[in-house]
Amino acid sequence: MEDFYTIQGEGAYQGRAAYFIRLGGCDVGCVWCDVKDSWDAAAHPTVNVKEMTRRAKTSGGEIVVVTGGEPTLYDLSSLTAELKKAGLKTHLESSGAYPLTGEWDWVCFSPKKFKAPDPSFPGRANELKVVIFNKSDFEWAEEFALHVPPDCQLFLQPEWSREKEMVPLIIQYVKDHPKWTISLQVHKYMNIP
Ligand code: SF4
């Protein structure tokens, strides 16, 4: 769908320069999705993985974040093989809707209520990032925290349109449950993509 060099705004690598590759196509259907243009894969051009890698390498960045859409719709093996051959770090952002393919240096697992993740996915997460849209999402987040590896980093992130209401609840929740960390979408505060 698009690719660009920017600053990772969320989660464990927040504030780090990263080249984003946003793959078109998603069948998860989050009602609050902020990239609905990504849903229809056919609306976006097909780009060869060598060309994607060339662009990422030319940016001068060290980290490539593959996001979507829902990237696990595709077999990502050839893409990650090319990126790694070019000496780039491969990071994935996914709802885990389908089994993981490819070689990843970092997997951010962000499950969505609208489509259950593949059962194999939580065990592969380096980072669990749960979007908090309403109060019941805390309990839902805890269910996933039981199934990720012990060293997985845990983040709670307010859904952007509900930020005002959810931030105070998240602050209190993290104070009461200190294994969690707050993630804010700082790229939105900085007005960058
Ligand atoms: S998984 Fe991501 S791209 Fe797909 S609907 Fe949800 S927020 Fe949007």
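As the structure lists them, so they are numbered: ligands from 1, and atoms in each ligand from 1. Please read all numbers here as calculations on a predicted model, not as lab measurements. The analysis underlying the following values was restricted to heavy atoms, covering all of them including side chains, and did not include hydrogens, waters or symmetry mates.
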In residues 140-153, what donor-acceptor pairs under 3.5 Å come from side-chain atoms, sequence neighbours left out?
residue	atom	partner	partner atom	Å
E142	OE1	K179	NZ	2.8
E142	OE2	Y173	OH	2.5
E142	OE2	W180	NE1	2.9

Query raised in the report: Which protein atoms of type N, O or S are found under 2.8 Å from atom 6 (Fe) of ligand 1?
Result: C30 SG

Report task. Tell me which protein heavy atom sits closest to atom 3 (S) of ligand 1, plus the residue, atom name and distance to 0.1 Å. Result -> G69 N, 3.5 Å

Query raised in the report: Got a salt bridge between K84 and E103, using NZ or NE/NH1/NH2 to carboxylate O under 4.0 Å?
Result: no

Query raised in the report: Does G96 offer a backbone N or O that forms a donor-acceptor pair with the side chain of K115 under 3.5 Å?
Result: no

Query raised in the report: Parallel under 30°, tilted from 30 to 60°, perpendicular over 60°: which one fits the rings of F109 and F121?
Result: tilted

Query - Backbone of A12 reached by a side-chain donor or acceptor of E127 within 3.5 Å - result: yes

Query raised in the report: Just by distance, do the side chain of R22 and the backbone of D3 share a donor-acceptor pair under 3.5 Å?
Result: no

Query raised in the report: Would F133 and C30 satisfy side chain to side chain contact (heavy atoms under 4.5 Å, CB included), going step by step from the backbone distance to the final call?
Result: CA-CA 11 Å; F133 184 76; C30 305; over 6 Å; no

Query raised in the report: Numbering the atoms of ligand 1 from 1, which are under 4.0 Å from a heavy atom of W39?
Result: 5 (S), 8 (Fe)

